[in-house]
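Counting begins at 1 with the first residue of the sequence. Both backbone and side-chain heavy atoms feed into the values below; hydrogens, waters and symmetry mates do not.
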Amino acid sequence: METGRAQFPFPYQPYNIQEQFMQALYSALDQGKVGIFESPTGTGKSLSLICGALSWLTDYEEKRRQEAASLLQEGEASLSTAAAQSTSTSSSSAEPDWITDFVQKKAERDLVSKLKEEELKRKKREERLELIRNNVQLKYAMKRKSCEDDEAFKLLQLSKEEKTETQGDEEDTDLVVAEYESDDESKTRSRFCAAEDDTDDELVEEHVAKIYYCSRTHSQLAQFVHEVQKSPFSKDISLVTLGSRQNLCVNEEVRNLGSIQRINDRCMEMQKNKHEKQHQEEGVKRKRGPAKSVCPYNKASALQQMRDDVLGTVHDIEQLLKLGRETHSCPYYSTRLAVPAAQLVVLPYQMLLHEATRRAAGVQLKGQVVIIDEAHNLSDTLSCIHSAELTGAQLCRAHSQLTQYADRYKSRLKAKNLMYIKQILFVIEGLVRVLGGKVGQNPQSQTTQTGTEMLTINNFLFKAQIDNINLFKLQRYFEKSMISRKLVGFVEKYAGTGVNLHTQSSSNKENRRTEGLNRYLQTLQSNQTSAPVSLADQQGSAEEEKVLSASPMMQVEGFFMALTNSNTDGRVVVHRQVTLSESSVKFLLLNPAVHFAQVLKECRAVIIAGGTMQPVSDFKQELLFSAGVGEERITEFSCGHVIPPENILPLVLCSGPSGQELDFTFQNRDSPRMMDETGRILSNICNVVPGGVVCFFPSYEYSRRIISHWEASGALARLANKKKIFQEPKKANQVEQVLSEFSRCIQRCAVDSGGLTGALLFSVVGGKMSEGINFSDDLGRCVVMVGMPYPNIKSPELQEKMAYLDKHLPHSGGRSPGQALIENLCMKAVNQSIGRAIRHRGDYSSMVLCDRRYSRPATLSKLPTWIKDRTSTHTTFGPAFAALRKFFLEKKQKQM
């Protein structure tokens, strides 16, 4: 059966490659494939994705509607004919015919009524959207109380029912863990969510057919939403953008807390206070004590109103925040309410790829379509999200806090709780023992033997002597009892009363289980003892301490969760530094396919898209075949660039102006001769290239060394005579400023040069400038790559990953999968960096690859096709320089 569509709605006449892209995308979605789509940046990939995918979605919904209508007709028709026939026919089966007849008719009747019901629901949904879009004020009762919101209150109620010992402790009820039943899951589950079923009859919405679009950064998501707003679909598509509380909170008091961890806590606390307040209004007498603040933006009617607004018109995050402030409602919660009815959900990688976060956000993948954009580092991203790290200092703190908690409430905690708390303490002691230390002593003053060790999960559990603990049960205990949150409340409350203040922060249901993902493991530079001591002597560091570290028990919980992975899929790195507090245990995920397999299995179709997906082979092997996807389900699409081929000039330089061979291997790159030669090459390039030149170094360390060498030799001053020099900042928040100064300088030079011909930007591969930032037009007329950015081969993590791939993946082309990984990591980084310069059809730029190793056929083959086909290799500098000069002279004459 031929699936396809002749015409796609598009805001302007699409390029041929865009039409091909949309055709290929349409049939991949229609046939439920896993598609790998490569379309170079500057070829309008986002618009092709939007118009192709949304055309499919509208056709698909129309088709389903027609199918349902014809089924309904058939059903009603067969019911009426059956009624007519039943009087005349008799059956020869063993059962009396009236029984057979009744059963058959019942099935048909059920089908008909089900179809009618679905039709009705759909009509209701459409009418409401119509109303919203025509801006009729809708107010209707909100019966939705999600399990997540209510859980805190229910646990609170449970703990209140327990016998309290002393009047003094009466107010601590919300800190005490509720009675816990471990194995009887059904009982706990029904207790947590009992209320859900009776209230949610009308408003539990089924999820409509939808497309989940995810990308790496919020700015990429915002760009995508703007493209949707420009597309022909902007008026009749309901789109929802999801983000973290940090991005979506409009309560200034909470926003100003800064760290994502503290924002989450404060928000959850206000949720809890809101529930308490509601239940107090129902006549429960309130205990004395300061009034607890609730969030003014979290009101049912306002959330409902905003949810409707969000579904009615397409908003990006900035517009959501503006809307939230105007309507006094919370964008974070109202966007979540809008997910079931939305047709296009735009969200960051983590929310989609991490199962616990996915559940918490209400994202359901069953039978839906997922598009993962900017997916060139997908396997690294998956590995990062599911890894976790703990330092000795955090372990000691977590142990100390939990011990004090158990001591304080031992008379009020039920036996089951005490048993689990003892188990957690036992595991923490085991982890500290592996690092060569003891709990209960200051981790700063305990010295350990330095060294790094890599263990399988099982060996690690044996070494820590915790192999007899059921980590799955512990993980469930963490989830249900919310002990980490209670511990934070406890530490905050009793700081300064003999209880050791370690940290102020905690997390909520989503974050509790996604610590590996968030990796906010700030280094702990505090000098605080971790045995219970009074605070008198440490008051000074207390304040900075609050900011420095997230709640240690949250991190411990994240690490425990990581250890429940299967033995072969991960490794534990035990890294002993000089002191216990700096030593760490880290979980590394070696097989990202295990977590991706779930997405591939549940979804109807998955599209993996990027500007440079080369090399695709390792990607398929590592993420798709390993996850059990058959070759027949995979479809690939790759297209060239829209620019005329003569608009790019890629050159491979094997030697410099003085004949020095360019070989930036680790052994040679620090020689003064190589550094001087690199300076001469740049100097020559700056002589003939107008506007901006961007030079990428393989690492921060090397860029620092070579620039200081040039400063000493005077080469930097010579460069500065031709181009103003800028350097990539170390801090991410300064990138914008450096970029805008860089572009202002280039614009100024174009008008009035005063001797300068533009600007030169020193950047680092894989740094802040090599991804997601566009050097279009005059900003990037030449991109220079100094050396090949191979990853650090000596890192134990990388060696382990290589060994894992060598063992589990097939060898191809005479090279091991481990070697291929190193090559591919290097070339992916190169492709990302050099692809920054061409951003639209009329753009032109040159790319100079300085290293003789680029001339190897195996290396050249890993460049994107549109660059590879134009690349010329030069063994001497003269002809290369002549070609460069000619390229820019021709462009200059054309413009005149």
Side-chain angles (χ1 to χ4, degrees), residues 175 177 259-262 264-265 388-407 420-421 423-435 437-444 446 464 474-475 477-478 481-495 499-508 511-533 535 538 541-563 575 579-587:
L175 296 178
V177 183
S259 90
I260 188 158
Q261 194 89 52
R262 295 172 67 187
N264 281 330
D265 295 344
E389 187 173 12
L390 279 177
T391 62
Q394 286 170 315
L395 283 166
C396 287
R397 280 178 190 188
H399 189 277
S400 153
Q401 291 180 5
L402 191 57
T403 312
Q404 295 170 72
Y405 177 86
D407 284 351
Y420 276 110
I421 288 174
Q423 280 188 16
I424 295 170
L425 290 169
F426 178 74
V427 174
I428 295 176
E429 280 164 39
L431 299 183
V432 173
R433 208 168 31 240
V434 170
L435 288 175
K438 282 199 178 83
V439 291
Q441 297 173 14
N442 183 355
Q444 224 89 25
Q446 294 186 58
L474 268 193
Q475 186 194 328
Y477 177 72
F478 268 116
S481 69
M482 296 161 95
I483 179 86
S484 303
R485 283 188 58 75
K486 301 204 179 272
L487 202 54
V488 173
F490 166 75
V491 173
E492 272 178 15
K493 178 160 187 182
Y494 289 107
V499 164
N500 189 14
L501 171 97
H502 303 285
T503 161
Q504 180 226 27
S505 173
S506 87
S507 181
N508 64 313
N511 282 63
R512 280 206 334 274
R513 290 172 303 189
T514 52
E515 260 352 283
L517 153 101
N518 294 327
R519 332 277 287 296
Y520 309 111
L521 303 168
Q522 297 101 324
T523 40
L524 307 160
Q525 311 131 347
S526 72
N527 39 11
Q528 209 170 304
T529 7
S530 213
V533 280
L535 269 184
Q538 319 161 5
S541 68
E543 260 319 295
E544 75 193 60
E545 177 69 3
K546 278 186 177 182
V547 184
L548 273 176
S549 139
S551 148
M553 195 49 89
M554 297 291 166
Q555 318 291 353
V556 171
E557 188 181 333
F559 189 76
F560 280 16
M561 187 174 173
L563 290 180
H575 194 53
T579 63
L580 174 61
S581 66
E582 257 120 63
S583 304
S584 65
V585 284
K586 181 178 181 184
F587 173 79

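Here the closest heavy-atom approach between residue Ala398 and residue Val556 is recorded as CB-CG2, 3.8 Å. In plain terms, the two heavy atoms of Leu435 and Ser584 that are nearest each other are CD2-O, 3.5 Å. Nearest approach of Pro552 to Gln401, heavy atoms of both residues: CG-NE2, 3.7 Å.
A 4.5 Å side-chain heavy-atom check between His399 and Leu425 finds at least one atom pair inside the cut-off. For the pair Phe560/Glu557, no side-chain contact is recorded, criterion being any heavy-atom separation below 4.5 Å from C-beta on. The side-chain heavy atoms of Leu580 and Leu395, taken from C-beta on, include no pair separated by under 4.5 Å. Annotation: side chain of Leu474 is in contact with side chain of Gln423 (closest heavy-atom distance under 4.5 Å). Between Met553 and Ile428 there is a side-chain heavy-atom pair separated by less than 4.5 Å.
Side-chain N or O atoms of Ser481 include one that pairs as donor or acceptor with a backbone N or O of Tyr477 at under 3.5 Å. Judged by distance alone, the side chain of Glu582 and the main-chain N or O of Thr579 form no donor-acceptor pair under 3.5 Å.
Using the six-membered ring where Trp is involved, Tyr405 and Phe490 have ring planes that are perpendicular, over 60° apart on the 30 and 60° scheme.
Taken to the nearest 0.5 Å, the NZ atom of Lys586 stands 12.0 Å off from the CG atom of Leu390. Rounding to the nearest 0.5 Å gives a distance of 11.5 Å between CD of Glu429 and NZ of Lys438.
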